[in-house]
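The next block holds one structure in the form of structure tokens; read it before the comments.
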Amino acid sequence: MTTLAEAKALVAADDRKDFEFASRGFVATRADPVIARGDGRPANNLAAYDFLAADAPETANPSLWRQAQILTKHGLFTVAERIWQVRGFDVSTVSFIDAGTGWIVVDPLTTVEVARAALELVGEHVAQKPVLAVIYSHSHVDHYGGVGGVTSAADVAAGKVRVIAPEGFLEHAVSENIIVGPAMLRRARFQFGHTLECCAHGEMTSGLGPRPSAGALSLIAPTDLITRTGQEIAVGDVTMVFQLTPGTEAPAEMNFYLPQFRAVFMAENANLTMHNLLPARGALVRDAKAWADYLTESIRLFADKSDVMFAAHGIPRFGREEIVSFLTSHRNAYKFLHDQTIRLMNSGLTAPEIAETLALPKALAKQWFNRGYYGTMSHNSKAIYQRYLGWYDANPASLNPLPPEPAAKRYVAAMGGPAAVMALARAAVDEGELRWAATLLNHVVFDDAENAPARAELAAVYTKLGFDCEAGTWRNIYLTGAQELLHGIAPGPGAGFSPDVLQATTTAMLLDFAAVRVNPDKAAQRAFSLNIEITDRRETHLITVGSGVLIHEEGVADPAAGATVRLKRPDLVMTLIARMPLAPRVESGDIIIEGDASLYAALIDLLEPPTPNFNIVTP
Ligand SMILES: [Zn+2]
């Protein structure tokens, strides 16, 4: 971890190149900084980060402050002849390529409102043209959720607009957040600081981009899939050459090259920060080796013949030499992270020991874009350990330790009670040992969540830790922890699905989501099976319940099942997933049950709603 003194020295020696790249080609920005939603609430407020115009205060790491200044420059920018970007409207960027008779829109942001505002800005200052194609570089929502703001499902269905995405896009777009959606959403609040005020002592970006916009999420299924590197697609008078990079930053992802403009788009594979191998919100762990290897391929394929590089977050880079050196150095950072973590694993170090030891060589670490603003060397090395060896460090003491609450009670008692532990924590704070102070005070809070002075002191320690962090994500995590200790859990956003995402979710995925909500005691009391016929999709699913589990099989029907339920997909969603009353739908004839009419109600009764606001910083 960087010390504050190091961060200050780095900022003082900054050559300001990134600031120049961030403002190059600026055309204009919105007159009204607020992008409104239909209900009047803001989707985003571009003025929210105006406080960053000042010098870094004591409440912020100067290196993160610098990063936030660059990431929050907002407006329309000329990237190259016939290529524009709108940046600062969302955590991601949206790019517009002039294909002669219309636009190719690359990665239409997170929500419909901000995507529409970006297209309007382009229309106002460059040209009003129809959208001919949309490209989703990968399966994360900040790269497709706003598609409804730049085109419509009807225009896509009519063949007026092509939607181009990497193979596997739709499955991953839908599946990544569904099965552990409730837990991920709760944890994401910490990573992005969703409940923090946007200010010099609060949220100041995630280190990747400004705060994600809030608004309507949309999804239109791709019409054209990229299935191999080297595949070419022409839209209007523009030809794109694609590079598939599955299993890098996202399970389905791709870069592309524009030969006639000597421009390369690097998706989210090359950023203005070390990215996450495992985001703090939680995810399946990513593959650092694949990431580095695909960057090696990108360098081989594109770097030498590119005069401009643009990406799905951050800022473009200009000049062939700059692009070669950036991609090479950035690739080296992931390669070093991967290889050296494994070298240390093979020499017997455990994950926290590796995280404490591992640092990029100076030549890589001094490059701003390799620094840990979003991912960090610390938690990324732990992710690599997890990917190859899992959670267990092979020490028998770690095999079956007490959970946090009983462990805390025994630690606090062993150390002489809460007052004695708090005195130790204060001494640790005085010595600048904030991490140890946090460990001590966390035990006191987990011993007794009602101990208000301990909560306040732990909140103060988290706040100080947060202010010092170079990583935006870590800052948000500590400050959100402090907020919850002092004020309790703010009511979070509901885990509502967007209608488009729900439509694209397969019935099998929905039944997986149902199965992970089963109350095991209820499902152990009674064994039964039923056939589900989805009449509007011509699907049959056999559901078998018993021994505490729900099994589902697609395309299977059992004549001996206790009942057969015939219904349309929306009725399955409303009754089984959203728990709307069943009786009216049966009475209206929309749901027809043959056989034991009680079994479908029994199935619904098995499922528990998730607990979206669970405790994190308290027991
Ligand atoms: Zn993204």
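Order of listing sets the numbers, starting from 1, for every ligand and every atom in it.
One distance of note links CH2 of Trp474 with CZ of Phe190; it measures 15.5 Å at 0.5 Å rounding. In this structure, Arg281 CZ and Thr473 OG1 are separated by 12.0 Å, a value rounded to the nearest 0.5 Å. The line from CG of Asp468 to OH of Tyr478 is 10.0 Å long, rounded to the nearest 0.5 Å. Atom CD of residue Glu81 and atom CG of residue Asp98 lie 9.5 Å apart, to the nearest 0.5 angstrom.
Looking only at its N/O/S atoms, Glu268 has OE1 as the one nearest to the Zn ion (ligand 1). Its N, O or S atom nearest to the Zn ion (ligand 1) is what matters here, and for His143 that atom is NE2.
Counting backbone and side-chain atoms alike, Asp142 contributes an N/O/S atom closer than 2.8 Å to the Zn ion (ligand 1). Using a cut-off of 2.8 Å, one finds that His313 contributes an N/O/S atom close to the Zn ion (ligand 1). Taking 2.8 Å as the threshold, His138 does not count as a candidate ligand of the Zn ion (ligand 1), since none of its N, O or S atoms lies below it.
With a 6.0 Å radius and a threshold of 12 heavy atoms from other residues, nucleotides or ligands, Lys289 has its NZ atom at or below the threshold.
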